[in-house]
Amino acid sequence: NIAATTCMHPNISTHRLESSHLSPMQRMRMLNDILFEPVHAAHNAYWLIDILQKAKLMGHLVLLSGEMGNATISFAGTSYQLGMRETYLRYGVRGTVRKKLIQPLYRHTKGRWKQYSSSDAWRKYSYINPMLDGQVHPSRLIRQSGRPVDFRYHFSSHTDAMLQTLMPGYNPRLRFGHELGQHFGLELRDPTGDKRMVEFMLRLPNRLFIDQKGETKQMLKRMMKERLPDRVLYQKSTGLQSADIVKRIQPDLPEIEEIVRNFSTDLCEKELFDRERLLSDVQLLKTFKLDTAQTHHLLRSVGIMEFLNSCK
């Protein structure tokens, strides 16, 4: 797909980054030091650093990204926000009943049930000490922040969905980009986050993002038609970030196990982490029995441990 795309534009040259020589743990620690705070996507640190280092070594002064594209040019649209007529034209009678009756009723019932249960989705991945969980009530704090405990967002409008993705007021991409740019001597720019682009996309009605067949991301597909190969533009499968992290992290597991075992509570005066579960999952990771999503969460917790250790 990459080769097919670049062949259409001879002024573009490709440089494949394997990042095979980089230790995920070392780069996670490096990212903590640069930003002076732990990062949410700790498992991505190795390839994020590799891109920046490679750009600097090649003598570039500016690095372009498309990180804000999820809320602008590649915004999918929110099908449940379509009006009744628009929904019927795209999905028919059965689809309209599903989207306008069954799904809202299900979301409402599920939300009410979760308010009175302890089966919030985040607990499946959490390494918070169960005793601390009972003291600080994370589910209550998550709801107070406006975030759903089941990781499923239901926005009041498509513009609300776009704005939430942009994270106004506190956007880590912008701040981290500034600090990473300073560290590596690069100017990081994101055309998809240009003020004019954002304002233009926010003015577009929701129906323009969804075609008559119910296919999403129509603004991106219209803009890139005949600029990208069809096999790229209409690709339905979804790529994964750090999909091979379970394999990549294997050489770092002895160090990770040592960090978990030796983490001190002196700084916080409380046992923050479920150390027993962390150690158990490290053993599963050694035998490739821990899935990718859980590995991401494990590394995030280890990254917080390392950051707190560096603050002593």
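Computed over heavy atoms, backbone and side chain alike; hydrogens, waters and symmetry mates excluded. Each residue takes its place number in the sequence, starting with 1.
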**Asked** Under 4.5 Å between any side-chain heavy atoms of Arg98 and Tyr106, yes or no?
**Response** no
**Request:** Identify the two heavy atoms, one from Leu278 and one from Ser301, that lie closest to each other, and give their separation to 0.1 Å.
**Result:** CD2-CB, 4.3 Å
**Request:** Quick one: pull up OH in Tyr46 and CG in Asp252 and give me the separation to the nearest 0.5 Å.
**Result:** 11.5 Å
**Asked** Can you find a heavy atom in the side chain of Trp47 that is under 4.5 Å from one in the side chain of Gln241?
**Response** yes
**Request:** Could you tell me whether a side-chain N or O of Arg189 sits under 3.5 Å from a main-chain N or O of Leu64, the two making a donor and an acceptor?
**Result:** no
**Message:** Under 4.5 Å between side-chain heavy atoms, counting indirect links through other Ile/Leu/Val/Met/Phe/Trp/Tyr residues: same cluster for Tyr88 and Tyr91 or not?
**Reply:** no
**Message:** Between Arg275 (side chain only) and Val260 (backbone N and O only), is there a donor and an acceptor less than 3.5 Å apart?
**Reply:** yes
**Item:** Main-chain N/O of Ile245 paired with Ser242 side-chain donor or acceptor, under 3.5 Å
**Value:** no
**Asked** Do any N or O atoms from the side chain of Thr165 and from the backbone of Ala71 form a donor-acceptor pair under 3.5 angstrom?
**Response** no
**Hphob cluster co-occupancy, Met223 + Leu228, side-chain heavy atoms under 4.5 angstrom** = yes
**Prompt:** What's the spacing between Leu166 CG and Thr192 OG1 if we round to 0.5 Å?
**Reply:** 9.0 Å
**Message:** What I'd like to find out is whether the side chain of Lys225 reaches to under 4.5 Å of the side chain of Lys221, using heavy atoms alone.
**Reply:** no
**Stepwise side chain to side chain contact (heavy atoms under 4.5 Å, CB included) check, Asn129 with Leu272** = CA-CA 5 Å; Asn129 179 358; Leu272 299 178; 5.9 Å; no
**Message:** Tell me whether His40 at atom NE2 has more than 12 heavy atoms from other residues, nucleotides or ligands lying less than 6.0 Å away.
**Reply:** no
**Plane angle bin for His158 and Phe209 - parallel if under 30°, tilted between 30 and 60°, otherwise perpendicular** = tilted
**Request:** Could you walk me through whether Asp211 and Lys213 pass salt bridge (Lys or Arg N to Asp or Glu O under 4.0 Å), step by step?
**Result:** CA-CA 5 Å; Asp211 70 7; Lys213 296 180 180 178; over 6 Å; no
**Asked** Of the non-hydrogen atoms in Lys100 and Tyr80, which two are nearest, and what is the gap between them?
**Response** NZ-O, 3.4 Å
**Asked** At their closest point, which heavy atom of Pro191 faces which heavy atom of Ser65, and how far apart are they?
**Response** CD-O, 3.3 Å
**Tyr127 side, atom OH; Leu298 side, atom CG - distance, nearest 0.5 Å** = 4.0 Å
**Message:** Is any side-chain heavy atom of Leu290 closer than 4.5 Å to one of Val246?
**Reply:** no
**Request:** Flag the pair Lys54 / His15 as yes when at least one side-chain heavy-atom distance between them is below 4.5 Å, and no otherwise.
**Result:** no
**Request:** Indicate yes or no: at least one non-hydrogen side-chain atom of Leu132 is less than 4.5 angstrom from one of Gln135.
**Result:** yes
**Request:** Could you pull out the closest heavy-atom pair between Ala55 and Leu186, with the gap in Å?
**Result:** CB-CD1, 4.1 Å
**Asked** Is Ser157 reaching over with its side chain to a backbone N or O of Asp160, donor-acceptor style, under 3.5 angstrom?
**Response** yes
**Message:** Distance check, rounded to the nearest 0.5 Å: Ile256 atom CD1 versus Glu258 atom CD?
**Reply:** 11.5 Å
**Prompt:** salt bridge (Lys or Arg N to Asp or Glu O under 4.0 Å) with Glu215: which of Arg90, Lys236, Arg222?
**Reply:** Lys236
**Request:** Before giving the answer on side chain to side chain contact (heavy atoms under 4.5 Å, CB included), spell out for Leu35 and Leu180 the whole-Å C-alpha distance, their side-chain angles and the decisive distance to 0.1 Å.
**Result:** CA-CA 8 Å; Leu35 303 175; Leu180 289 168; 4.2 Å; yes
**Met162 versus Leu202, closest heavy-atom pair with distance** = CB-CD2, 3.9 Å
**Message:** Can a donor-acceptor pair be found, under 3.5 Å and without considering hydrogens, that links the side chain of Gln218 to the backbone of Thr216?
**Reply:** yes
**Asked** Side chain of Asn206, backbone of Thr78: donor and acceptor closer than 3.5 Å?
**Response** yes
**Request:** Please confirm whether the backbone N or O of Leu285 pairs with a side-chain atom of Gln250, one donor and one acceptor, at under 3.5 Å?
**Result:** yes
**Item:** Phe184, CZ atom: more than 12 neighbouring heavy atoms under 6.0 Å
**Value:** yes
**Request:** Establish whether Met68 and Phe200 are linked, either directly or via other cluster members, by ILVMFWY side-chain heavy-atom contacts under 4.5 Å.
**Result:** yes
**Prompt:** Should Phe288 and Leu253 be counted in the same cluster of Ile, Leu, Val, Met, Phe, Trp and Tyr side chains packed under 4.5 Å apart?
**Reply:** yes
**Under 3.5 Å: donor-acceptor pair, side chain of Thr72, backbone of Met201** = no
**Request:** Please answer whether the main-chain N or O of Leu279 pairs with a side-chain N or O of Glu257 as donor and acceptor at a distance below 3.5 Å.
**Result:** no
**Asked** Does Met25 reach the side chain of Ile259, with side-chain heavy atoms less than 4.5 Å apart?
**Response** yes
**Complete:** Separation between CE (Met84) and CG (Leu89), nearest 0.5 Å, reads 12.0 Å
**Message:** If I take atom CD1 from residue Ile49 and atom CG from residue Leu31, how far apart are they, to the nearest 0.5 angstrom?
**Reply:** 5.0 Å
**Complete:** Sequence neighbours excluded, the answer for salt bridge (charged side-chain N to carboxylate O under 4.0 Å, His left out) partners of Asp244 is Arg248
**Request:** Take Asn44 and Val39 through the test side chain to side chain contact (heavy atoms under 4.5 Å, CB included) and record every step on the way to the result.
**Result:** CA-CA 10 Å; Asn44 292 335; Val39 294; over 6 Å; no
**Asked** Given His297 and Asp281, is the side chain to side chain contact (heavy atoms under 4.5 Å, CB included) satisfied, shown in steps?
**Response** CA-CA 11 Å; His297 288 274; Asp281 282 357; over 6 Å; no
**Request:** Flag yes if more than 12 heavy atoms outside Gln103 fall under 6.0 Å of its CD atom; otherwise flag no.
**Result:** yes
**Request:** Answer whether the closest heavy-atom distance between the side chains of Leu82 and Arg207 falls below 4.5 Å.
**Result:** yes
**Message:** Restricting to non-hydrogen atoms, name the atom on Gly303 and the atom on Pro38 that form the minimum distance, rounded to 0.1 Å.
**Reply:** O-CB, 4.2 Å
